[in-house]
K.L.:
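Here's a structure for you.
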Amino acid sequence: MTELVNLPKKRKGESTNWWEEDELDDFSIQKWKSLEHHGVIFPPDYIPHSIPLFYDGEAISLTPEQEEVATWWSSVIGTEWETKEIFRKNFEHNFLKLFTSDHKIKSLDKCDFKKIAEYVEAQREIKKARLPEEKKQEREAKQKIDEEIGYGIVDGKREKISNIIVEPPGLFRGRGQHPKAGYIKARLRPEDITINVGKSNLVPKCPVPGHAWKNVVHNSYVTWLAYYKDPELSFSNVKYVYLAASSKFKGLNDKLKYEKARKLRGLIDGIRSDYFDKIKKDNQVNKQLGTALYLIDKLALRVGNEKTEDEADTVGCCSLKVSNISFKENYQITLDFLGKDSMRYFNTVSIDPNVHENLKKFVEGKGQDEELFDLITTSSLNEYLKTFMKSLSAKVFRTYNASVTLQMLLAKFNNKKMQVEEKVQFYTDANREVAILCNHQKSTPKNFEVQMEKMQDKLKDKLESLSLLETHLKGFLSKKIAQNADKKLPTSEENTRKAIVRAKTSVKNMEIKLKMKDDNKTIALGTSKINYMDPRITVAWCKNNEVPIEKVFPKALRSKFIWAMYTEPAWEF
DNA sequence: TTGCGAGACTCAGAAATATTAAT
DNA sequence: TATTAATATTTCTGAGTCTCGCA
């Protein structure tokens with residue numbers, strides 16, 4: 001068989017790859033024995049431009065601190081953030097705090113950022129107009145720094161670090177209706193950073209003279225190299241600095257995740273009959289547990305933890321509200337809610353009659369804003385899952401169902417003679433099914449309609465020239481070529497026939513392309529590929545069907561899934 | 001006994017950037 | 001062949017899940 005994947009060959013005396021080692025249990029307790037790295041990189045300092053802000057027509061000169069924040073706002077002007085109510089309100093509140101109470105600046109509405117916005121725009125233009133040579137130099141300088149600082153050494157092995165530059169200051173952009181959108185993210189200093197290194201390894205040097213790390217710890221039970229928290233944003237989460245997806249830390253956990261989902265495959269029949277039992281039980285708590293798990297399993301919903309007031313109001317299965325569900329004929333329900341990242345889940349499905357009956361009962365006598373599953377929590381649901389398998393939790397069902405769906409769809413492939421492009425198409429169609437199952441969406445690309453029209457026009461042109469060729473052929477057959485003796489048309493019958501075949505393929509390809517573009521308009525294919533579908537299914541399928549792996553996994557995914565590249569063609573999930 | 005928050009990790013789509021195709 | 005437009009890929013950082021320990 002042709003070599004479809006370039007795999008590193010093992011040399012004599014070289015240590016084995018982690019995925020060939022037998023230390024999975026060990027990893028679950030201690031993550032490393034030695035850990036060495038260079039700490040983190042701070043984004044460049046702010047360079048003031050001294051352009052004033054106009055307030056009530058009067059030029060106000062700003063301190064560098066005020067100016068930096070004003071410049072962030074200026075770069076938001078013209079985007080939808082500018083008019084987003086919460087964003088605007090929070091920004092105003094926090095911006096005004098930068099001025100003393102007797103300062104004349106009292107309202108965002110009266111602030112005129114025009115001059116600063118012009119400056120921001122000019123800077124953008126300058127950046128855009130960089131010569132290819134300049135861009136290349138910049139890229140190389142970046143790579144050099146990355147090469148020097150962007151790697152750590154874990155148990156003697158050099159590993160790439162993912163987010164080595166700490167997050168730059170700016171305006172917090174929450175997703176959906178985030179109550180804190182528009183708050184100011186502070187500039188981080190070394191005093192905000194906690195470093196994790198091996199006890200006998202060198203502590204990374206603090207890159208800012210006269211400053212020091214907040215803390216240095218030696219915690220070998222975690223995989224993070226550093227962490228920090230915005231000192232100003234009380235609601236913000238801790239940010240960790242981790243190794244990149246290609247590392248052993250990430251790869252091993254990833255492999256374990258898929259192995260867990262495979263274990264679930266072996267248990268799924270038992271689990272399903274158990275939750276159907278519960279669905280029919282008298283006990284209301286059990287009824288809710290069974291019903292919720294049914295939805296998680298069938299519709300690949302997230303479990304839906306409780307959220308605080310400082311977060312956008314989104315839900316998952318256990319936090320569904322009465323208002324999110326409506327009942328239809330023939331045991332159908334419609335679920336309509338905002339899920340993770342405030343992405344809308346909107347789906348009408350037929351469900352089991354018992355489940356339908358239960359859900360109707362759960363809703364009875366409750367207000368629109370009350371919880372559908374009021375007697376259970378995400379913890380109690382996960383506890384129930386633990387009775388089947390020690391490490392089972394709700395999210396495993398998403399991984400399991402995504403992988404099983406992909407494998408089932410790919411198994412339908414039966415035309416090895418197809419062109420590689422068509423095979424990739426087939427794979428993408430399967431990928432899309434999974435993405436739809438997991439509700440992975442993206443916003444419609446800019447200019448989508450215009451692009452579609454352009455393609456439609458092209459298709460029309462192609463169809464026209466095809467029909468022209470066909471009449472031309474008829475001309476040959478009836479020996480009446482003279483009337484359409486166009487100089488561009490083939491001069492022989494044989495060539496006309498060939499041209500018709502070519503034109504037909506071209507039309508077909510255009511139609512496929514058009515359909516694909518439309519089908520993928522709002523579907524995000526990447527998320528399921530990166531996080532849900534066991535990569536070994538893809539690798540095995542590619543090997544079976546002579547599809548080069550780089551046609552479906554770009555470089556980053558091939559290194560993330562390096563452990564899966566050795567999968568045998570006969571492998572099954 | 002449970003409920004709650006800290007902690008650590010996975011998983012999200014948008015935006016930025018790189019590559020490829022079209023003109 | 002050089003621009004420009006479209007598309008593919010990577011980066012960025014926000015938003016989830018889930019476990020654990022403590023009151």
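Fair warning: this is a prediction, and the values are worked out from it, not measured in the lab. Note on naming: letters A, B, ... go to the chains in the order of the sequence lines (proteins, then strands), and numbering restarts at 1 for each one.
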K.L.:
Indicate, yes or no, whether a donor-acceptor pair under 3.5 Å links the base of dC11(B) to the side chain of K395(A).
P.N.:
no
K.L.:
Using the side-chain hydrogen bond (donor to acceptor under 3.5 Å, both in side chains) definition, which of the options R344(A), K307(A), H178(A) pairs with T314(A)?
P.N.:
K307(A)
K.L.:
Does Q451(A) place a side-chain N or O at less than 4.0 Å from the phosphate oxygens OP1/OP2 of dT7(C)?
P.N.:
yes
K.L.:
Counting just side-chain N and O atoms, does K185(A) come under 4.0 Å of either OP1 or OP2 of dG14(C)?
P.N.:
yes
K.L.:
Measuring to OP1 and OP2 of dC18(C), would you say a side-chain N or O of N382(A) lies under 4.0 angstrom away?
P.N.:
yes
K.L.:
Can you check whether K340(A) has a side-chain N or O nearer than 4.0 Å to OP1 or OP2 of dG14(C)?
P.N.:
no
K.L.:
Can you tell me which residue among K515(A), K521(A), K517(A) is in a side-chain hydrogen bond (donor to acceptor under 3.5 Å, both in side chains) with D519(A)?
P.N.:
K515(A)
K.L.:
Compare side-chain N and O positions of H440(A) against OP1 and OP2 of dG13(B) and report whether any pair is under 4.0 Å apart.
P.N.:
no
K.L.:
Using a heavy-atom cut-off of 4.0 Å across all strands, would you classify F172(A) as base, sugar-phosphate, or nothing?
P.N.:
sugar-phosphate
K.L.:
P554(A) side chain: which of dT19(C), dT9(C), dA8(B) is closest?
P.N.:
dT9(C)
K.L.:
Measure from CG on D310(A) to P on dG5(B) and round the result to the nearest Å.
P.N.:
11 Å
K.L.:
Counting only side-chain nitrogens and oxygens, does K250(A) get under 4.0 Å of the OP1 or OP2 atom of dT10(B)?
P.N.:
yes
K.L.:
To the side chain of R175(A), which of dA12(B), dA5(C), dG7(B) is closest?
P.N.:
dA12(B)
K.L.:
According to a strict under-4.0 Å criterion, is K555(A) in side-chain N/O contact with OP1 or OP2 of dA18(B)?
P.N.:
no
K.L.:
Can Q425(A) and T428(A) be counted as having a side-chain donor-acceptor contact under 3.5 angstrom?
P.N.:
no
K.L.:
Whether K250(A) engages the ring of Y242(A) as a cation-pi pair (distance to the six-membered ring centre under 6.0 angstrom, angle to the ring normal within 45°) should be assessed.
P.N.:
yes
K.L.:
Look at the side chain of T527(A) and decide which nucleotide, out of dT17(B), dC9(B), dG13(B), has an atom nearest to it.
P.N.:
dG13(B)
K.L.:
Are OP1 or OP2 of dG16(C) and a side-chain N or O of K307(A) less than 4.0 angstrom apart?
P.N.:
yes
